[in-house]
Amino acid sequence: MEDYLKRVLEETTKKNCSEPEFLQAVGEVLCSISPVVKKHETEYEKTAFIERLVEPERIISFRVPWTDDNGQVHVNRGFRVQFNGSIGPYKGGLRFHPSVNQSIMKFLAFEQVFKNALTGLPIGGGKGGSDFNPKGKSDAEIMRFCQSFMNELQKYIGHDIDVPAGDIGVGAREIGYLFGQYRKIRNTYEAGVLTGKGLEYGGSLARTEATGYGLIYFMREMLKANGKDLSGKTIVISGSGNVAIYACQKAQEYGAKVVAMSDSNGVVYDKDGIKLGIIKKIKEEQRLRIKEYIKEVPTAEYIDSEGKDYSPIWDIKADIALPCATQNEINLQAAKALVANGVFAVGEGANMPTSMEAINYFLNNNILVAPAKAANAGGVATSALEMSQNSMRYFWTFEEVDKKLNNIMVNIFNSCQAAAKEYGLGTNYVAGANIAAFRKIAKAMRAQGII
Ligand code: NDP
Ligand code: 2IT
């Protein structure tokens, strides 16, 4: 790494020493872009370019008080990180999960800047959320929480300013409550202020499916470029939320056999192939634990993940692993187990699901890695298509949106591949994605001066 980059990384580490996830995300990007920075080192140093790249434009943190069904008041912390708006309005999801803190918000917002640049659409990068735990809450409690959250967030967003969407713990139900409260406070029908809306009030067809489908379109391209395909392959998919479910659906359509899925409590292993209809019923309708699956499919096995160093899903023999739950779910031990079991490709549906050591282990063992910033960009890309449709006051059919999504994912893969090739990085699409995104952001930032 160049001396300048090393110095910036050291300073960033000192300044943000209590933010491990953010430092991990920054460290990975700065390592990858070193050969690009080298070419313009003097200019970048003089204009503190990388220092500006790793400093969010704005962080908003606020109190979210809400009342439970028994009349007890609770207080959570809300966040919105508006990281970089040089390519378009800040864009990125909202996460409701007890683990949410400033480090996680900043890592997600930082990654979103690069991901959104890769889509080729006019969107900057942001992220938000709260340490609120939606598990076990009634519909009324979820609604009151969303309303209180929006009471504050509405001051900072708008269809040309910042456009939130869903992420962990935030799906169509939450977006509905958030949109309702925004509309009530602002007294305007500003459809493009949130994406992931219901179809009845400005949502886009195929947005629900987009992240999972997009991941599989990216995998298809990556495998094709390496003389392989999805047909007949055995796949394990962690998580059983929005991304995991639609990745499973598209993988099955392409003739792959998904043998395991999970949630934060455990894993279901169905050697005959996961019955997705049952998973959808348990997760999308009943909002129950994945363990319920074995009640309906007695031949399937349930493996508890409590107290384990990594999810037991990574011990199951497979050709392809798709981490679609959360950050750092594949550590070095998990990576070693996957490689020992014969995995040849990993596709990151979740954001930063693989630790730095695990990524390096995969790359050193010639495992194809589809990096999150590129591979899961289909969700936010389709969100941008939802914004376009809202601006036109019109909508496209499912097939039209899906076709655009497919093209976007093909283009993203091609950009990652071309950048990797240009810098002699072979099939290291992780570095390819970082380089391709950085070049685009750098052009926009340089053109706009020192701001
Ligand atoms: P959902 O809330 O729909 O599902 C999350 C899934 O991951 C659940 O099965 C959940 O299990 C599991 N999970 C969450 N946190 C943990 C944890 N700490 N340990 C183990 N399992 C966990 O979220 P999404 O499917 O939307 O998001 C999944 C990932 O994909 C996230 O990393 C998100 O940032 C990323 N992503 C999402 C996009 C989208 O459009 N929704 C777009 C791009 C990336 P449980 O129910 O037990 O908590
Ligand atoms: O991580 C992500 O890209 C998302 N959660 C989707 C963001 C969006 O604005 O659709």
Side-chain angles (χ1 to χ4, degrees), residues 21 88-100 104-105 107-116 118-119 121 123-129 133-136 162-175 192 194-197 203-204 206-215 237-248 261-268 279-280 282-284 287-291 305-306 308 310-311 313 322-330 347-354 372-387:
E21 291 86 2
Y90 309 107
K91 179 86 196 83
L94 296 171
R95 177 178 291 191
F96 292 170
H97 193 271
S99 63
V100 162
I104 290 179
M105 292 286 97
F107 115 67
L108 288 164
F110 180 73
E111 298 252 309
Q112 198 83 44
V113 175
F114 289 76
K115 182 195 305 192
N116 294 3
L118 285 173
T119 65
L121 298 166
I123 40 178
K127 199 86 188 190
N133 186 359
K135 267 189 210 129
D162 183 354
V163 182
D167 193 81
I168 292 176
V170 178
R173 173 180 61 166
E174 290 73 20
I175 294 293
L194 290 168
T195 60
K197 298 180 292 297
S204 172
R207 174 60 188 94
T208 306
E209 293 82 359
T211 312
Y213 278 20
L215 171 64
I237 304 181
S238 67
S240 45
N242 174 265
V243 181
I245 285 176
Y246 294 96
C248 178
M261 291 181 82
S262 65
D263 63 17
S264 55
N265 295 108
V267 177
V268 288
I279 297 281
K280 279 190 177 177
I282 296 169
K283 289 293 171 183
E284 294 186 333
R287 298 180 191 269
L288 293 173
R289 303 283 80 206
I290 204 166
K291 193 178 181 179
S305 54
E306 220 70 9
K308 307 244 164 79
Y310 61 86
S311 169
I313 197 167
L322 302 178
C324 294
T326 194
Q327 63 274 0
N328 289 324
E329 52 175 315
I330 299 186
E348 297 186 327
N351 286 307
M352 205 170 74
T354 317
K373 289 183 197 85
N376 74 28
V380 75
T382 307
S383 277
L385 300 178
E386 182 172 330
M387 291 163 71

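The figures here come from the full heavy-atom set of this structure, side chains too, leaving out hydrogens, waters and symmetry mates. Start at 1 and go down the list; that is how both ligands and their atoms are numbered.
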Exercise for review: Could you list the atoms of ligand 2 found under 4.0 angstrom from a heavy atom of Ala165?
Suggested key: 8 (C), 9 (O), 10 (O)
Revision key, fill the gap. Between the OG atom in Ser383 and the CD1 atom in Ile123, the distance rounded to the nearest 0.5 Å is 7.5 Å
Revision key, fill the gap. Sorted by chain and residue number, the residues with a non-hydrogen atom under 4.0 Å of ligand 1 are Arg95, His97, Lys115, Lys135, Asp167, Ile168, Gly169, Arg207, Thr211, Gly239, Ser240, Gly241, Asn242, Val243, Ser262, Asp263, Ser264, Arg289, Cys324, Ala325, Thr326, Gly349, Ala350, Asn351, Asn376
Exercise for review: Could you tell me the separation between the NZ atom of Lys127 and the CE atom of Met105, rounded to the nearest 0.5 Å?
Suggested key: 7.0 Å
Check your understanding: Tell me: protein heavy atom nearest atom 2 (C) of ligand 2, and distance?
Key -> Lys115 NZ, 3.2 Å
Exercise for review: Looking only at distances, please establish whether an N/O atom of ligand 2 is found under 3.5 Å from an N/O atom of Asn376.
Suggested key: no
Point to revise | Whether Asn242 side chain and Thr208 backbone form a donor-acceptor pair below 3.5 Å | key: yes
Check your understanding: Under a 4.0 Å heavy-atom limit, does Leu108 contact ligand 2 with its side chain, its backbone, both, or neither?
Key -> neither
Check your understanding: Does the N or O separation between Gly166 and ligand 2 drop below 3.5 Å for any pair?
Key -> yes
Study note, to complete from the structure: Residue, atom and distance of the protein heavy atom nearest atom 6 (C) of ligand 2 read Arg207 NH2, 3.6 Å
Review point. Which residue, Ser238, Ser264, Ser262, Ser311, forms the side chain to side chain donor-acceptor pair (under 3.5 Å) with Glu329?
Key: Ser238
Study note, to complete from the structure: Interatomic distance, CG@Leu194 vs CG@Leu94, rounded to 0.5 Å, equals 7.5 Å
Review point. Between Lys115 and Asn351, is any side-chain donor less than 3.5 angstrom from a side-chain acceptor?
Key: yes
Point to revise | Ligand-residue contact atoms, ligand 2 with Lys127, heavy atoms, under 4.0 Å | key: 1 (O), 2 (C), 4 (C), 5 (N)
Practice item. State the OG1-CD distance between Thr354 and Glu348, to the nearest 0.5 angstrom. Key: 3.5 Å
**Study point:** Which segment of Glu386 sits under 4.0 Å of ligand 2 when only heavy atoms are counted
**Key:** neither
Check your understanding: Under the 3.5 angstrom rule, does the side chain of Lys373 hit a backbone N or O of Gln112 as a donor-acceptor pair?
Key -> no
Check your understanding: Is it true that Asp162 and Lys91 make a salt bridge, defined as a side-chain N closer than 4.0 Å to a carboxylate O?
Key -> no
Practice item. Starting from atom 9 (O) of ligand 2, locate the nearest protein heavy atom and write down its residue, its atom name and how far away it is, to 0.1 Å. Key: Lys91 NZ, 2.7 Å
**Study point:** Set of salt bridge (charged side-chain N to carboxylate O under 4.0 Å, His left out) partners for Glu386, sequence neighbours left out
**Key:** Lys197
Review point. Got a salt bridge between Asp263 and Lys291, using NZ or NE/NH1/NH2 to carboxylate O under 4.0 Å?
Key: no
Study note, to complete from the structure: Closest to atom 10 (O) of ligand 2 among protein heavy atoms sits Ser383 OG, 2.6 Å
Review point. Looking at atom 7 (C) of ligand 2, what's its closest protein heavy atom, distance included?
Key: Gly93 N, 3.5 Å
